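A short write-up of the structure that comes next.
Source: prediction; values computed, not measured. Just so you know, residue 1 is the first one in the sequence shown, and it goes up from there. Note that these values count all heavy atoms, side chains included, but never hydrogens, waters or copies made by symmetry.
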Amino acid sequence: MLARLKQYLVEVCCVYALVSVAGAVIDQIAGFETNNINVMVMFGLCVIGTFVLYLHKLFDNFSPLFMIVVQYLAACGISALFIWIVSFFAGPVTPRGWFELWRSFTIPYVILAALYYWRVFSETKKQDKLIQEIQENNKAESV
């Protein structure tokens, strides 16, 4: 359990670093300014997105497409709840702000989820290949 928690925290840090650097580059190119609330919200959304992706083992009995869609919807819902709670401290969220939330969350989530699932599925393929090799070796030894 401790190893899983460490792995989760490492992934959160990697995701936050990627999103933070990409956000800083985009802000510099577009000439936007940022503030501490945006940075903290970005970290919170990275934690939420990584946590939801990390729960993919709960959906092993379902098709991968169903799993991905449900996880995206859950991440969006939890993110909206998070932003709603933050709005009590930082000020109300405008309708344009909600649109920006979905856009700002969806684009990095889709990219990073694709990378995450590519890694998971490639690891699964490696494990399947290893199991097949072991089974073939056991058959060859028994003959």
Side-chain angles (χ1 to χ4, degrees), residues 1-90 93 95-143:
M1 180 67 171
L2 187 59
R4 268 246 345 123
L5 179 62
K6 285 180 184 178
Q7 184 181 3
Y8 168 72
L9 292 175
V10 167
E11 289 189 24
V12 166
C13 292
C14 290
V15 167
Y16 178 69
L18 289 171
V19 170
S20 180
V21 169
V25 169
I26 291 169
D27 285 346
Q28 286 298 316
I29 291 171
F32 297 138
E33 292 185 26
T34 186
N35 61 34
N36 291 334
I37 292 291
N38 288 346
V39 172
M40 290 185 292
V41 167
M42 190 174 6
F43 178 72
L45 294 176
C46 287
V47 168
I48 291 167
T50 304
F51 178 74
V52 169
L53 283 174
Y54 216 70
L55 296 176
H56 76 272
K57 293 205 181 276
L58 294 177
F59 299 98
D60 280 347
N61 297 331
F62 301 100
S63 74
L65 180 60
F66 177 78
M67 172 180 61
I68 290 168
V69 169
V70 168
Q71 283 185 306
Y72 171 72
L73 293 175
C76 285
I78 296 169
S79 296
L81 179 64
F82 173 70
I83 295 298
W84 181 71
I85 291 169
V86 168
S87 73
F88 288 113
F89 304 105
V93 179
R96 177 74 180 167
W98 287 110
F99 170 75
E100 291 296 327
L101 164 69
W102 299 125
R103 187 185 67 147
S104 298
F105 180 77
T106 298
I107 293 169
Y109 182 86
V110 167
I111 292 168
L112 293 170
L115 291 172
Y116 180 82
Y117 282 116
W118 176 77
R119 192 184 80 205
V120 167
F121 292 134
S122 67
E123 185 69 27
T124 303
K125 278 182 129 177
K126 287 178 189 175
Q127 290 173 355
D128 285 343
K129 187 176 180 181
L130 183 61
I131 289 170
Q132 287 176 354
E133 288 176 7
I134 291 170
Q135 288 174 342
E136 287 173 5
N137 286 341
N138 285 342
K139 286 180 185 179
E141 289 176 4
S142 64
V143 172

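Between the CG atom in L81 and the CD1 atom in I85 there is a gap of 4.0 Å [rounded to 0.5 Å]. In this structure, CZ on F121 lies 11.5 Å from CG on D128, to the nearest 0.5 angstrom. Separation of atoms CG (L2) and CD (Q7) is listed at 12.0 Å; rounding is to 0.5 Å.
Among the candidates V10, V15, L112, the single residue satisfying the side chain to side chain contact (heavy atoms under 4.5 Å, CB included) test with T50 is V15.
Proximity of F99 to R96: side-chain heavy atoms (C-beta onward) are separated by under 4.5 Å at one or more points. The side-chain heavy atoms of V93 and L101, taken from C-beta on, include no pair separated by under 4.5 Å. V12 has its side chain out of reach of Y54: every pair of non-hydrogen atoms, C-beta onward, lies at least 4.5 Å apart. Proximity of Y72 to I68: side-chain heavy atoms (C-beta onward) are nowhere separated by under 4.5 Å.
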Step-by-step side chain to side chain contact (heavy atoms under 4.5 Å, CB included) determination, Y8 to L53: CA-CA 10 Å; Y8 168 72; L53 283 174; over 6 Å; no
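More than 12 heavy atoms of other residues, nucleotides or ligands shown are found within 6.0 angstrom of CH2 on W102. Atom CZ of F51 has 12 or fewer heavy atoms from other residues, nucleotides or ligands within 6.0 Å. Residue F43 places its CZ atom among 12 or fewer non-hydrogen atoms of other residues, nucleotides or ligands, all under 6.0 Å distant.
Of all heavy-atom pairs spanning A80 and W98, the tightest one is O-CH2, 3.7 Å. Nearest heavy atom pair, residue I48 against residue F82, reads CD1-CB, 3.6 Å. For the residue pair Y109 and V52, the shortest heavy atom distance occurs at OH-CG1, 4.1 Å.
Classification of E123 and R119 as a salt-bridged pair fails, no side-chain N sitting under 4.0 Å from a carboxylate O.
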